[in-house]
Every structure is written in structure tokens, then in C-alpha cells.
2 protein chains.
Amino acid sequence: MSNCNTMDIEAMAVKFKALSTPVRLKIFMELTQCCSPGASCDVERCIGDLASLVDIAPSTLSHHMKALNEAGLVDMQRDGKRILCSVNTKVLKQLSGYFNI
Amino acid sequence: MSNCNTMDIEAMAVKFKALSTPVRLKIFMELTQCCSPGASCDVERCIGDLASLVDIAPSTLSHHMKALNEAGLVDMQRDGKRILCSVNTKVLKQLSGYFNI
DNA sequence: AATACACTTCGATACATGTCGAACTGTAAC
DNA sequence: GTTACAGTTCGACATGTATCGAAGTGTATT
């Protein structure tokens, strides 16, 4: 019933930490915009594509994408030279329901 | 339509930063548990009361409560010797709807 | 093999953050 | 006024984080 057991709190805090900077939040929300309501989300964007959203060095973007991936928010996989990123829809649902009142 | 304008992103990142540690997230979620669905949330807890949820020094708790308050997540007001805290229900609604897919 | 592109890792820098104990402040009780 | 309680601020310490350029790595093209 309650959302708040210890494991949940720590796991969720990790996710909110990953979303606590404008850079990562913007990227994450951009990837979620690809998800139409009720549909499975399988639209992917490559990292170079996402770079256009933010005004930071490629190395910094790489750090941020790694942080989102390590927090479980974003999936990444190589497609030739490029790396494709997509929202982890399971985690997105988890976030979506977390503050339900 | 889109959740993601610049002001929104920065303002939300501030809130997620405030919720990015287990201590503050736990306190915030504890305060939200006082909110029944559909009802206005006017249950308040004093800081000493919240202290029982976490195993940190009173000074550290004070820092965390200040962070939650400055992020706009929690309202605080003095009631005699004690300080009463409650969730900002407007912001809670904002968080609740933010990841809607 | 050499070259190009996409992205990552390294190392450095500057700043931010979470913790504590001691000292302080605001309110209440006597 | 003094004492007690509830909570805050100060200062210090240790660790974490965001940024960058340079160097490196993986894949594709020639």
C-alpha cells in the first residue's frame, strides 16, 4: 500500500538524483515525449541527436547519459557507430505513479 | 501540451534535487502519506516528530528540512516552540502529473 | 592499413553537498 | 530573570559532482 519501504526510498532517490540537473532532466523528458499515451515506447534517439538539445561538451553529455543509464532511466545500445537511447518504460511508469495522491 | 519548457525543466530539476537523497525523500513521502486521495492535505508534523524517521543529527535534519522548504516542496511554520511541516499540495500535484504518459 | 565519425574515458579544476558538534536563537514555563 | 525545550546556524571535514580538453576506443568507409 505505502510506497515507502526502505528499498523503494533508496532506489527512488537514485532516480531523482539522476534527474536533478536540468541537462539530464531535459534529455529524459525529450525521450519520454516519444512515448504516446498507451503505446509501447520504442522510439530511439542517438546521442548525437540528443546533443542538439543541450549546450555542453560531448564528453559532458557522455557523463550525463551514463548517469541516466546507471540509474536505470534510459536504455542504450550501439547501432553501428551510433548509440541509440530510449526511455525505460517500466521505470517511467514507476515514476509516473510514485507521487499519486 | 509539452511539459518541457526551459523554466519548467529548471524548476523541476530543483525539486528532484531536493528529493535526491534518501533522507529528504523519506520525509517528503511520509508527509504525503498524510494526504488522503481527493482530500485537502492539512495534516502537519513537527520536526521533532519527523526526526524519528531518520537516524541523523538534529542539525543535519534542519539542513534537510530547509532544503525541502527552499525547493517549495514543504511548508513550515512555527507553532510555539515547535515547527510544523506539511506538504505543499500544489507542488505535490505538479510532481504527480509530471511524468504522465 | 589509413582515415573518418561517433562516442567514451582520463585527468584536472572548481564548486556543491552531507555530515557532525558546538554555539546560538525563539518560545514556553517557572 | 532563569531554565528548559525545540530547532537553527556556524564552521569544519570529507566526499561528491559538473565541467572541459585531450586522448582513447569502437565501427564504418576507403
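For clarity, every value in this text was computed on a predicted model and none was experimentally measured. Values below: every heavy atom of this structure, side chains too, minus hydrogens, waters and symmetry copies. So that the names make sense, note that chain A is the first sequence line, chain B the second, and so on, each numbered from 1.
Atom CD1 of A:Ile83 and atom C1' of C:dT9 are 14 Å apart (whole Å). At whole-Å resolution of the value, CG in B:Leu68 and P in C:dG18 are 11 Å apart. If you take CZ of B:Arg82 and P of D:dG7, they are 7 Å apart, rounded to a whole angstrom. If you measure from atom CD of A:Glu70 to atom C1' of D:dG16, you get 14 Å, rounded to the nearest angstrom. Rounding to whole angstrom units, CG of residue B:Leu25 and P of C:dT17 are separated by 17 Å. If you measure from atom CZ of B:Arg45 to atom P of D:dA6, you get 16 Å, rounded to the nearest angstrom. In this entry the distance linking CE of B:Met65 with C1' of C:dT17 reads 18 Å, nearest Å. Between the C1' atom of C:dT25 and the NZ atom of B:Lys66 lies a distance of 13 Å, rounded to the nearest Å.
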Donor-acceptor contacts, no H, no angles, side chain residues 51-74 of chain B, under 3.5 Å, sequence neighbours left out:
| residue | atom | partner | partner atom | Å |
| --- | --- | --- | --- | --- |
| B:Ser52 | OG | B:Asp49 | O | 2.7 |
| B:His64 | ND1 | B:Arg24 | NH1 | 2.9 |
| B:Asn69 | ND2 | B:Val74 | O | 2.9 |

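A donor-acceptor contact shorter than 3.5 Å links the side chain of B:Asn88 to the backbone of B:Val91.
In this structure, B:Met76 is a member of the same hydrophobic cluster as B:Val23, with clusters built from ILVMFWY side-chain heavy atoms closer than 4.5 Å.
Taking 4.5 Å as the limit, some side-chain heavy atom of A:Leu31 sits within range of a side-chain heavy atom of A:Leu50. Residues B:Ile83 and B:Cys46 are not in side-chain contact: their nearest non-hydrogen atoms beyond the backbone lie 4.5 Å or more apart. Counting heavy atoms from C-beta outward, B:Glu30 and B:Arg45 have side chains that approach closer than 4.5 Å. With contacts defined as side-chain heavy-atom distances shorter than 4.5 Å, the pair B:Leu95/B:Phe16 qualifies.
Heavy-atom distances to DNA chain D give each of A:His63 and B:Leu84 a nearest nucleotide, and the one nearer the 5′ end belongs to B:Leu84.
The aromatic rings of B:Phe99 and A:Phe28 lie perpendicular to each other, with more than 60° between the two planes, well past the 30° mark.
Residue contacts shown for B:His64 are limited to sugar-phosphate atoms, with no base heavy atom under 4.0 Å away.
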How far apart are the C-alpha atoms of A:Met29 and B:Met12, what are their side-chain angles, what is the distance that settles it, and do they pass the side-chain contact (heavy atoms from CB on, under 4.5 Å) test?
CA-CA 11 Å; A:Met29 296 310 292; B:Met12 292 307 294; over 6 Å; no
Using a 4.0 Å heavy-atom cut-off, write out nucleotides 24-30 of chain D from 5' to 3' as B (base contacted by protein), S (sugar-phosphate only) or - (no contact).
--BBS--
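Of all the residues in residues 46-62 of chain A, A:Cys46, A:Ile47, A:Gly48, A:Pro58, A:Ser59, A:Ser62 reach under 4.0 Å from DNA chain C with at least one non-hydrogen atom.
OP1 or OP2 of C:dA16 has not a single side-chain nitrogen or oxygen of B:Lys17 nearer than 4.0 Å.
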